[in-house]
Amino acid sequence: MIKGNFPVDKFEQIETPFYYYDTNLLRTTLQAINAETKKHEQFEVHYAVKANANPKVLNVICQAGLGADCVSGGEIRAALKAGFPASKIVYAGVGKSDWEINLGLDKDIFCFNVESIPELEVINELAGKKGKTAQICFRINPNVGAHTHANITTGLAENKFGIAMRDMESVIEEAAKMEHVKFIGLHFHIGSQIIDMGDFEALCNRINDLQNELERHHIKVQNINVGGGLGISYGHPNHLPIPDFKDYFDTYSRKLKLREGQKLHFELGRAVVAQCGSLITKVLYVKQGAAKKFAIVDAGMTDLIRPALYNAFHRIENISSDDAEETYDVVGPICESSDVFAKAVDLNACHRGDLLALRSAGAYGEIMASQYNCRKLPEGYITEDL
């Protein structure tokens, strides 16, 4: 088995479970993004903070010049603390509370991605009390499906996100009547872990049609935000550590008919951080069951919930052993039958005390950890810490 390159001797000094972020790979990934977007002067990338808000990881991303895509007031605070300029922060979310809106207004963030008329009315009211004008984009639900897990599709009519296409013109006209909001663009997001460029092409076609319709009514759009959604290779993190950003950005360059002076915004999260992160856990026991062998580890669904929540696959490597491979179910200590990381997975023979790495865990790993069973939250370390 080809394994990742880990400082195992240093890991052995750290209490498990913990997250490890390879900042060398993270910086290389960010360089790949910037190399592609520099070819397209109208493109701007905002990092989706919900994927991973580890302060040290955020700081590396900020240093690369990306903006921030936030979905809560807490994420806005985390982004600002990490150094992201407010002028590059976009704020989405179907349920923005008053304090979160006020925070965005006080910090003069770039824009609010608005998802309903009631929200628009509240933003206008709160901005008016401060004597400010909030820049807004309307999140439009394009009713475009994506070839991904049902729980992470966001662009279908049945999803809770966005404003229906049929209401697009009326909400833009409604905003024009309000004194304290300024309409500056449209926002879209169809889902996550998308690897079929045809899904993004379908979104481009829908946006092209919508823009044509708006222009027939003399409505100009300054900014188009297409969200993120680009997937990664969970099966081959060693061979494919960096997503194909060229194909991704070229798809939008070819298929989306941008107008002169129009800016195209992206909100990449998983594609930025997933491959640089691994959950490191220790084997507590090797248990021979009636029909299978279990590697029982000290990490659980509290530390990485994706396998239990989405039946998600994460490659697992025994980074302490080079023994012949054996087949295991890798399970955690949580008092739930769903606390299983993988079934019938081949690993170098496991022994008590061996360290296992659950790969591609930099996105939606540490950030989704919980304290169920009164467990400690896992620590996160970057390369420079070791």
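Keep in mind that the numbers below use all heavy atoms, side chains included, and drop hydrogens, waters and symmetry copies. Note that this is a predicted model, so its numbers are computed, not measured.
A side-chain donor-acceptor contact under 3.5 Å links Asn102 to the backbone of Asp98. Here the side chain of Tyr328 pairs no donor or acceptor atom with the backbone of Ala342 at under 3.5 angstrom. His46 contributes a side-chain N or O that, together with a main-chain N or O of Lys88, makes up a donor-acceptor pair within less than 3.5 Å. Thr37 places a side-chain N or O within 3.5 Å of a backbone atom of Ile33 that can act as its donor or acceptor partner. No donor-acceptor pair closer than 3.5 Å links the side chain of Gln31 to the backbone N or O of Thr28. The closest donor-acceptor contact from the side chain of Glu267 to the backbone of Ala68 lies at 3.5 Å or more, if one exists at all. The main-chain N or O of Gly4 is found under 3.5 Å from a side-chain atom of Glu317 such that the two form a donor-acceptor pair. Of the possible polar contacts, none joining the Asn373 side chain to the Arg375 backbone as a donor-acceptor pair under 3.5 Å is found. Judged by distance alone, the side chain of Asp339 and the main-chain N or O of Glu336 form no donor-acceptor pair under 3.5 Å. The backbone N or O of Ala344 lies less than 3.5 Å from a partner atom in the side chain of Asp329, making a donor-acceptor pair.
The ring of Tyr248 has its center closer than 6.0 angstrom to the ring center of Phe200. Under the 6.0 Å cut-off for aromatic ring centres, Phe18 and Tyr381 qualify, their centroids lying closer than that. Between His314 and Tyr234, the distance separating the two ring centers is shorter than 6.0 angstrom.
Ser72 and Glu100 share no side-chain donor-acceptor pair at under 3.5 Å. Counted by atom type alone, Asn52 and Tyr21 present one or more donor-acceptor pairs between their side chains at under 3.5 Å. Checked by atom type, the side-chain pair Asp323/His351 shows a donor-acceptor distance below 3.5 Å. For the residue pair Arg270/Ser192, the side-chain donor-acceptor check at 3.5 Å is satisfied. No side-chain N or O of Glu201 forms a donor-acceptor pair with one of Asn205 less than 3.5 Å apart. Between the side chains of Gln262 and Gln211, at least one donor N or O lies within less than 3.5 Å of an accepting N or O. No hydrogens or angles considered: nothing links the side chains of Tyr310 and Gln193 as a donor-acceptor pair under 3.5 Å. Residues Asn225 and Lys263 bring no donor and acceptor atom of their side chains to less than 3.5 Å of each other. In the model, Asp354 has no side-chain atom that pairs as donor or acceptor with a side-chain atom of Ser321 under 3.5 Å.
In the hydrophobic clustering of ILVMFWY residues, with side-chain heavy atoms under 4.5 Å counting as a link, Val226 and Phe112 come out together.
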Original post:
Should Val90 and Cys111 be marked as a side-chain contact (heavy atoms from CB on, under 4.5 Å) after you check the CA-CA gap, both sets of side-chain angles, and the distance that decides it?
Top reply: CA-CA 5 Å; Val90 296; Cys111 79; 3.7 Å; yes
Original post:
Where do His265 and Phe110 land on the ring-ring contact (aromatic ring centres under 6.0 Å, His included) test, with the steps shown first?
Top reply: CA-CA 12 Å; His265 300 259; Phe110 176 67; 5.5 Å; yes
Original post:
side-chain contact (heavy atoms from CB on, under 4.5 Å) between Leu377 and Gln371: does it pass, once the steps are laid out?
Top reply: CA-CA 6 Å; Leu377 292 173; Gln371 292 181 289; 3.8 Å; yes
Original post:
Which is it for Asn311 and Arg306 under the side-chain hydrogen bond (donor to acceptor under 3.5 Å, both in side chains) test, yes or no, and what are the steps along the way?
Top reply: CA-CA 7 Å; Asn311 195 30; Arg306 296 187 70 256; over 6 Å; no
**OP:** Decide side-chain contact (heavy atoms from CB on, under 4.5 Å) for Ser116 and Val94; before the verdict, give the C-alpha distance in whole Å, the side-chain angles of both, and the deciding distance to 0.1 Å.
**Re:** CA-CA 8 Å; Ser116 68; Val94 71; over 6 Å; no
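Remark: Lys96 is positioned above the aromatic ring of Tyr91, its terminal NZ or CZ atom under 6.0 angstrom from the ring centre and at most 45 degrees off the axis. A cation-pi contact, defined as under 6.0 Å to the ring centre and within 45° of the axis, links Arg352 to Tyr285.
Side-chain atoms of Glu173 and Met168, non-hydrogen and from C-beta on, never get closer than 4.5 Å to each other. Contact of the Phe266 side chain with the Leu230 side chain is not registered, since no non-hydrogen atoms from C-beta on lie closer than 4.5 Å. Taking 4.5 Å as the limit, every side-chain heavy atom of Gln275 sits out of range of all side-chain heavy atoms of Ile242. Counting heavy atoms from C-beta on, the side chains of Leu386 and Gln13 never come closer than 4.5 Å. Looking at heavy atoms from C-beta onward, Tyr19 lies out of side-chain contact with Asn54 at the 4.5 angstrom threshold. In this structure, Leu279 and Asp303 have side chains that are in contact, with non-hydrogen atoms separated by less than 4.5 Å. The shortest side-chain heavy-atom distance between Cys276 and Thr29 does not fall under the 4.5 Å cut-off. Side-chain contact check for Val331 versus Val297: every heavy-atom pair is 4.5 Å or farther apart.
A salt bridge is defined here as a Lys NZ or Arg NE, NH1 or NH2 lying under 4.0 Å from an Asp or Glu carboxylate O, and Asp298 with Lys282 fails to meet this definition. Note on Asp322 versus Lys3: salt bridge recorded, some NZ/NE/NH1/NH2 to OD/OE distance being below 4.0 Å. Between Glu326 and Lys293 there is a salt bridge, since a side-chain N of the basic residue sits under 4.0 Å from a carboxylate O of the acidic one. Contact check on Lys56 versus Glu384 returns no salt bridge, with no Lys/Arg side-chain nitrogen under 4.0 Å from an Asp/Glu carboxylate oxygen. Comment: Glu115 engages Arg139 in a salt bridge, judged by a side-chain N to carboxylate O separation of less than 4.0 angstrom.
Atoms OG1 and CG, from Thr383 and Asp22 in turn, are 4.5 Å apart once rounded to the nearest 0.5 Å. Expressed to the nearest 0.5 Å, how far CD of Glu379 lies from NZ of Lys376 amounts to 6.5 Å. Remark: Leu356 CG to Cys350 SG distance equals 5.0 Å, nearest 0.5 Å. Note that CD1 of Ile109 and CG of Asp106 are 10.5 Å apart. Values are rounded to the nearest 0.5 Å. The distance from atom CG of Asn223 to atom CG of Leu186, rounded to the nearest 0.5 Å, is 9.5 Å. Within the model, atoms CD1 of Ile76 and CD1 of Ile101 stand 9.5 Å from one another, a figure rounded to the nearest 0.5 Å.
For NZ of Lys130, the number of neighbouring non-hydrogen atoms (other residues, nucleotides, ligands) closer than 6.0 Å is greater than 12. The 12-atom threshold is exceeded at NZ of Lys132, counting heavy atoms of other residues, nucleotides or ligands nearer than 6.0 Å. The neighbour count for Asn5 CG, taken as heavy atoms of other residues, nucleotides or ligands under 6.0 Å away, does not exceed 12. Around the NZ atom of Lys246, the shell of radius 6.0 Å holds no more than 12 heavy atoms that belong to other residues, nucleotides or ligands.
Nearest heavy-atom pair across Ala175 and Phe138 is CB-CZ, 3.8 Å. Contact between Gly229 and His189 at its shortest, heavy atoms only, is N-CE1, 3.9 Å. Across Val273 and Ala51, no two heavy atoms sit closer than the pair CG2-CB, 4.0 Å. Closest approach of Lys220 to Phe183, counting heavy atoms only: O-CE2, 3.9 Å. Between Ala271 and Phe245, the closest heavy-atom pair is O-CZ, 3.6 Å. The nearest pair of heavy atoms linking Val49 to Cys70 is CG2-SG, 4.2 Å.
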